[in-house]
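Below: one structure, written as structure tokens.
Just so you know, residue 1 is the first one in the sequence shown, and it goes up from there.
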Amino acid sequence: MLTPAGSNVYIKQDSCNYGALRPRGFIPKPKKRGECTKRSRRRSARVNYTVHQGEDMLLVISNASSQYDDSAWAPKRKGSKKRKLVRENTKAIRTKTNRTVHVKGKVETKTAVEEEEPSMFAFPQGTNDQRWGQNLPEEVLVNIFQMVVSQDNAVPFLCRVGRVCRLWNAAASSPILWRRVTLGHCWIPPGKSQLPKTEKKIKDTVTWLAQNRFSQLRDFALCHWTKNVDFTLQAVSQFCPHLASIKLSYCSGLTAKAFQSLGLHSRALHSINIQYSEFQVEGLLEYLDNHGHQIKEISFTHGLKNDKLLAALNRGCCPDLELLEVNTKLDSKDGELPVCIQALQQACPKLKTFRMLNVRPLHKTMRNGMDSSPGFPCLEELCIATTSYSYMTDKDLLDILFASTKLRVLDLRGCSRITPPGLARLPCPDLQCLFWGQYFNSHVGLPSLKRDFHLVTQLWGQTLQQLDIANQVFTEEDLELAMGYLAAQTKTLCSLNLSGTRITLRAVRYVISRMQALDYLNLSSCRYLPRGLKKIYRGQEEIQQLQEKLKELV
């Protein structure tokens, strides 16, 4: 019987008659209370449970006769710690079972368990100590596991819970839980070399997972792998016919063999993300030339060799491309990327998302001198954000977006040469997110004052949901006029970043009183506001408190 920790346990002992073994005339010596001979000590009742410390400082109470002896929760059968713990528990039990009642020369022990009502933690007799997890429906377990997997990934969570019992193993083996998997290099500590036994263990594990768990795999990712990248991708591509997305983050050693295996087996693959990873560029170029028609998303890091991918895209190897992302490391000194926008517009007319993160694009013209271009008619997001400085001008921006009437997100952080009249000329009537904050490094000088920001708020005041103009040096009068147009038109704006601007108290009061959907307001480093108000307000409750403070300042 399992008993909760901290409860008193009493064991009933059978009475013994030693009269037949005593010689005639033998008078036994009276024993002191609590005294116990060696023979009685040997024949004392055996404790049927053990207590040991598990993970996360938890005390685990295990039944010695339980059917889970072979599970991961069973304590070790050998060891000095267990013997010492059993002796302590036996001593505690013996001291509490010394209350005896003499009836007709027989010794009987009345236990507290017989006198009290059954404990609510005790399991009924005849159930073989079944636990609650065995009676839980498998569908419920699958739903619980799915919520955990969506937050903490399938590996190693499903591998661990699959060792609890047969029911949990069956639930953890459900193919729906293995559609998205990320494998981190957790077999060896960082900085240590990989032994042959460890390498064999890694390969066996990857092969077993691919054969027994990845039948419905859709998205697969590897993080910080320096070896066995080729072997892993080959195994995944061979046993995962539904593979649609591959992401390699900080990996190295990827050769043409892996791309060849992807071309032979992964017919449903449409997304490749190889940012911050070292790979054989020629192998990827060959794959794109042969199977580029099925690729819709490509993400890579800017480099001397990786820039050949952009040239291959300009040749038209991926005509159905919808997402293109090029980034660079933050500590990289070479951030200039020559881009021929006209060639890219002709080669990828279905492009919906175009991101150049921390990259300074340099516009190139086509050699044949062709002036006409279809543009990006399907473009919905354009990101040219940088932490240093950008060469982007109003004309360059218009050359990219002159046909993008479906644009929803425009990220121009760091583009200091863009002006409000240049934004007002864009043919994007339904813009929802405008990020135009300036985040300069120390070597960049202070920009001059700007005007006419009201042209932007007047154009997109009815559709804007997020607006970021942090550190923009618009005048106080211009900001008041722009916020007036914005507050009079918008009903959907939920995020407003005015950090480091010349916003005044009058403009803030007018914005808060009119924008009912505002949920985020950043007023940090605003010099024209009084002390106590220059901070970030999250949630409508904090914004309401700000409105009450502004009424007191009137």
Side-chain angles (χ1 to χ4, degrees), residues 1-2 4 49-50 52-56 58-77 121-187 200-223 231-246 265-266 268:
M1 180 179 68
L2 299 180
Y49 69 90
T50 57
H52 62 95
Q53 183 174 345
E55 298 180 357
D56 301 330
L58 296 178
L59 293 179
V60 181
I61 303 179
S62 302
N63 195 335
S65 61
S66 175
Q67 58 179 337
Y68 298 96
D69 290 338
D70 297 332
S71 65
W73 296 100
K76 296 182 179 181
R77 298 183 179 275
F121 296 97
F123 289 89
Q125 298 294 332
T127 59
N128 295 327
D129 294 341
Q130 291 185 358
R131 301 184 181 183
W132 64 270
Q134 287 187 335
N135 299 327
L136 198 64
E138 183 176 341
E139 294 78 6
V140 177
L141 274 178
V142 172
N143 292 334
I144 295 174
F145 292 167
Q146 193 170 12
M147 290 187 291
V148 180
V149 167
S150 61
Q151 296 181 359
D152 299 337
N153 191 24
V155 178
F157 171 73
L158 294 179
C159 300
R160 292 175 177 175
V161 299
R163 300 175 60 185
V164 174
C165 62
R166 293 182 179 180
L167 176 62
W168 285 41
N169 183 272
S173 304
S174 179
I176 194 176
L177 301 176
W178 297 89
R179 292 184 177 181
R180 190 173 185 177
V181 175
T182 300
L183 294 182
H185 211 290
C186 55
W187 279 276
K200 184 178 182 302
K201 181 180 179 180
I202 294 174
K203 292 182 178 180
D204 294 342
T205 303
V206 170
T207 303
W208 186 88
L209 288 174
Q211 294 178 356
N212 299 275
R213 294 291 185 269
F214 292 171
S215 60
Q216 300 293 327
L217 184 64
R218 300 291 194 276
D219 303 328
F220 182 71
L222 288 178
C223 299
F231 176 84
T232 303
L233 288 184
Q234 292 179 23
V236 170
S237 62
Q238 291 177 6
F239 298 100
C240 305
H242 304 285
L243 185 64
S245 173
I246 286 181
H265 305 285
S266 301

* To do: Report the residues that fulfil ring pair (Phe, Tyr, Trp, His ring centres under 6.0 Å) with Phe239, sequence neighbours left out, ordered by chain and then residue number.
  =>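 None.
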
* Structure fact -> In short, salt bridge (charged side-chain N to carboxylate O under 4.0 Å, His left out) pairs touching residues 138-162 with sequence neighbours left out are none

* Indicate the atoms forming the closest heavy-atom contact of Cys159 with Leu209, along with that distance. =>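 Residues Cys159 and Leu209, closest heavy atoms: SG-CD2, 4.4 Å.
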
* Could you tell me which non-hydrogen atom of Leu141 sits nearest to which non-hydrogen atom of Ala171, and how far apart they are? =>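 Residues Leu141 and Ala171, closest heavy atoms: CB-CB, 3.8 Å.
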
* To do: Under the salt bridge (charged side-chain N to carboxylate O under 4.0 Å, His left out) rule, collect the residues that match up with Asp204, sequence neighbours excluded.
  => Lys200

* Reported OG1-to-CD distance for the pair Thr207 and Gln238, which is rounded to 0.5 angstrom ->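 That separation rounds to 9.0 Å.
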
* To do: Mind checking the CG-CG spacing from Leu233 to Leu222? Nearest 0.5 Å is all I need.
  =>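 If we round to the nearest 0.5 Å, Leu233:CG and Leu222:CG are 6.0 Å apart.
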
* Listed partners of Ser215 passing side-chain hydrogen bond (donor to acceptor under 3.5 Å, both in side chains), at least two apart -> none

* **With sequence neighbours excluded, residues passing side-chain hydrogen bond (donor to acceptor under 3.5 Å, both in side chains) with Ser237** => Ser261

Could you list the residues that satisfy side-chain contact (heavy atoms from CB on, under 4.5 Å) with [X], not counting sequence neighbours?
X      : result
Ser245 : Asp219, Ser271
Gln146 : Asn143, Ile176, Leu177
Pro241 : none
Ser150 : none

* To do: Sort and list the pairs that fulfil side-chain hydrogen bond (donor to acceptor under 3.5 Å, both in side chains) and have at least one residue in residues 171-184, not counting sequence neighbours.
  =>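 Qualifying pairs, neighbours excluded: Ser173-Arg213.
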
* Indicate yes or no: at least one non-hydrogen side-chain atom of Phe214 is less than 4.5 angstrom from one of Leu243. =>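 Result no, sub-4.5 Å side-chain heavy-atom pair not found.
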
